[in-house]
Amino acid sequence: MPDIRALLWPNAVAVVGATNDQSKLRGRTFSVMRGHPFAGPVYPIARREAEVAGLKAYPAIADVPQQVDLAVLIIPAEHVPAELERCGKAGVKAAHIITSGFAEETGERGRELQAELRRVQERYDMAVCGPNSQGFVNTRTALCPTFSPSMALRERPLISTTREGGRIAVLAQSGGVGFAFFDRGDAKGLPFSYVVTTGNEACLESFDIVDFMLDEGETDVFILFVESIKNPETFRRVADKAARAGKPIIFTKIGQSDAGRRSAASHTGSLAGSYSAYRAMFDHYGLIEGRDMDEMIDIAAAFSCNMRRLPKGRRVCIVSGSGGGAGWIADACAGAGLEVPELDRPTRDVIDAYLPAYGTSQNPVDGTAQAIRTLGYARLAELASRSPIIDGVVVVTTARSAHSYEPEKELLFEVARECPKPLVMWTYTLPVASSIALLSDAGYPLYTDLQNCARAMAAMADYGAFLERYRSGDGPSPVAEAARAAARAELSAAGPLLSEVTARRVLTHYGIGGREGGVLVTTPEAAVAEARGLGGPVVLKVQSPDILHKTEAGGVAVGLEGDDAVAAAYARILASAQRHAPAARIEGVLVQPMAAAGLEMIVGVSRDELFGPLLMVGLGGIHVEVLKDVAFAPVPLTPAAAERLVRVLRAAPLLDGVRGAPAADVPAVVDILVRLSHFAADNADLVSEIDLNPVRVHASGQGATVLDALIAKR
């Protein structure tokens, strides 16, 4: 396994391409490195210069007088593979390649060079980061092999707070964006452990490095800027490790459009754009998506200060010296899905003893400027946090002057240290640097954006709830082993596309769609006889693996009653199907009872090329293609996860009944989702797509009917 410690904690560093010329990136990179107090030896490798920045230069890595863990390569792309080979022969364990000109460029040459890098890396088992990156920073060793302006001519130390714990690591495929996260967070006094820009990720991926940092145990919060995931198994393993360790990953994934959506045989497949798959996987492992850079930094700040006290729920108390500010952030909290309940009477009685007559303790707690001067923000927040109906506290303050905090400085530290509930602060005035430093040292995330303040508290509540769910496990399969084996045998024997009647037969082993399966007939007389036996209105549907959408082929007739109507419909739909697809293999006609009224949904499975099978649920029928109100999740699902998937739909309130309509049988939908998810997981190597569309959900307690089914094999 590559030694990532040698990359981030090297005994010594060689900079290949170092120069005194500050107009070149390789000159600026060496200058930035030398501008920080890294304690280990640094060796410039330069063929045309005897010394660089006062250090003896060596013409080749083999000439360096000691074994070097890390080589930083910033030379022309065409020379990088050969230089990496020389590093491998010299015993170098790791390399960070800053040079561009590889697979990010058009043409074959760049891709060939990148492939050669991988071959060299594998030959020597080196930890290789890049190429096309902007370097990295390890703040604890002051190692900064980068040309980022964020690291040049710094006035503050790399770790500008004295607070222990809550360290943040940034990993970004974009060098500029990665150091921009640091720049913005550093201005807020946040403690960083690393900034690593991974570029093209020819060898090491971001999640390989997260894996190392989780094992190291010195980083509590991760910010990731993701362009793609190349190894889904590494992602799954590391994301699971982070979740079980309670270390949040805050991410943004660029390239969210569905422009690259693949063609598919079913509705489910056509609705599964690449971002849908990423979103489903990130949700499953509790990754927190940020909408922009500042929001991601602000969410990371909340976790950094509150890692040991995540909220148990979504109820917050707002304490303030400004009534207007309190009201404004109360609206922001409501918009973020938080609750601002009226405080309980015992808590109010305690707070009221400190408030003037024109203050209020109901929530928001408006202490007015008078109470803030006498009591202080910290004590007011601590009193509010004692309420048994509160899960977190939002403090509205003015951080324009640090002098206002001096009288309560020790108490600010004490409350942040001892309070069992999370605390966040929003300043309605612009903060000065001394206020930022004081509050950061004490352990309070300070916000200038009230929306981000509320969103950060909500993110902590969501993550706390996720951890509780995730650690409870997946639970057993709802299907017996014998039934799973029978379904697999039939699926294996079937052709590449399973018509409805065949798909139903397979899915019945998993308890899906059994009661409404119907009977396949091949003559009009048999159709009439089956319709008589059902004793009510029936549906006739042509069955062919070559006709995916029967309605479009005129192959469906509904609401049929009487022998003549059934016989005529049989002949009509067969003739229509044959006109639509003359070469189609007709298996017969399926006779089914008409289903009762209900709300139509779609349930299906699509196979993502990277992550494998994903379950989908959405508003069904013809509307799914227009509204695209769908949600995805990896398989298999627990009943609780399946119900959450249903509830994230915009149309979910329809299931509870509106304008006199009865509530729908949500447990019946959940049962179908769970069973289908296990079918997809058990047969992931065989199944490409599954479409149950529509699934008609009846009134509460009356179940759900699968009206149509399709399975496409890989």
(request) Verify salt bridge (Lys or Arg N to Asp or Glu O under 4.0 Å) between Arg417 and Glu164, making sure each step is shown before the conclusion. (result) CA-CA 11 Å; Arg417 186 173 59 251; Glu164 291 296 323; over 6 Å; no
Of the non-hydrogen atoms in [X] and [Y], which two are nearest, and what is the gap between them?
X	Y	answer
Pro422	Asn306	CA-OD1, 3.2 Å
Glu289	Arg455	O-NH2, 2.6 Å
Val424	Pro445	CG1-CG, 3.7 Å
Cys419	Arg309	O-NH1, 3.1 Å
Val42	Leu55	O-CD1, 3.5 Å

Test salt bridge (Lys or Arg N to Asp or Glu O under 4.0 Å) on Glu105 and Arg111; report intermediate values, then the result. CA-CA 8 Å; Glu105 292 196 352; Arg111 286 190 286 274; over 6 Å; no
Are [X] and [Y] close enough that some pair of their side-chain heavy atoms sits under 4.5 Å apart?
X	Y	answer
Ser148	Val32	no
Val128	Leu117	no
Trp9	Thr141	yes
Ile98	Leu73	no
Thr219	Ile168	no

Return the orientation label for the Tyr405 and Tyr377 ring planes: parallel under 30°, perpendicular over 60°, tilted otherwise.
->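 Ring orientation, 0 to 90° scale: tilted.
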Sole candidate of Phe179, Phe181, Phe222, Phe182 that passes ring pair (Phe, Tyr, Trp, His ring centres under 6.0 Å) when paired with Phe192: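 One option only clears the test, and that one is Phe182.
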### Matching residue for Phe207 among Phe251, Phe235, Tyr285 - test: ring pair (Phe, Tyr, Trp, His ring centres under 6.0 Å)
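It is Phe235, the one option of Phe251, Phe235, Tyr285 that forms the ring pair (Phe, Tyr, Trp, His ring centres under 6.0 Å) with Phe207.
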Does atom [atom1] of [X] have more than 12 heavy-atom neighbours from other groups under 6.0 Å away?
X	atom1	value
Trp328	CH2	no
Lys241	NZ	yes
Arg400	CZ	no
Glu410	CD	no

Between Arg167 and Tyr194, does any side-chain donor sit less than 3.5 Å from a side-chain acceptor?
no
| task | Begin from the C-alpha positions of Lys93 and Asp125 and carry the test salt bridge (Lys or Arg N to Asp or Glu O under 4.0 Å) through to its verdict. | result | CA-CA 8 Å; Lys93 299 177 182 178; Asp125 196 28; over 6 Å; no
Task: Lys/Arg N to Asp/Glu carboxylate O, Glu122 vs Arg119, below 4.0 Å - done: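 Not counted as a salt bridge, because no side-chain N and carboxylate O are separated by less than 4.0 Å.
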Result for side chain to side chain contact (heavy atoms under 4.5 Å, CB included) between Leu190 and one of Ile297, Ile436, Asp298 points to Ile297
Margin query: What verdict does the side-chain contact (heavy atoms from CB on, under 4.5 Å) test give for Met296 and Phe225, after you've listed the backbone C-alpha separation in whole Å, the side-chain angles of each residue and the deciding distance to 0.1 Å?
Written below: CA-CA 10 Å; Met296 293 172 70; Phe225 180 87; 6.0 Å; no
Can you tell me how far NZ of Lys253 sits from CZ of Arg279, rounded to the nearest 0.5 angstrom?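 Atom-to-atom, Arg279:CZ and Lys253:NZ are 12.0 Å apart.
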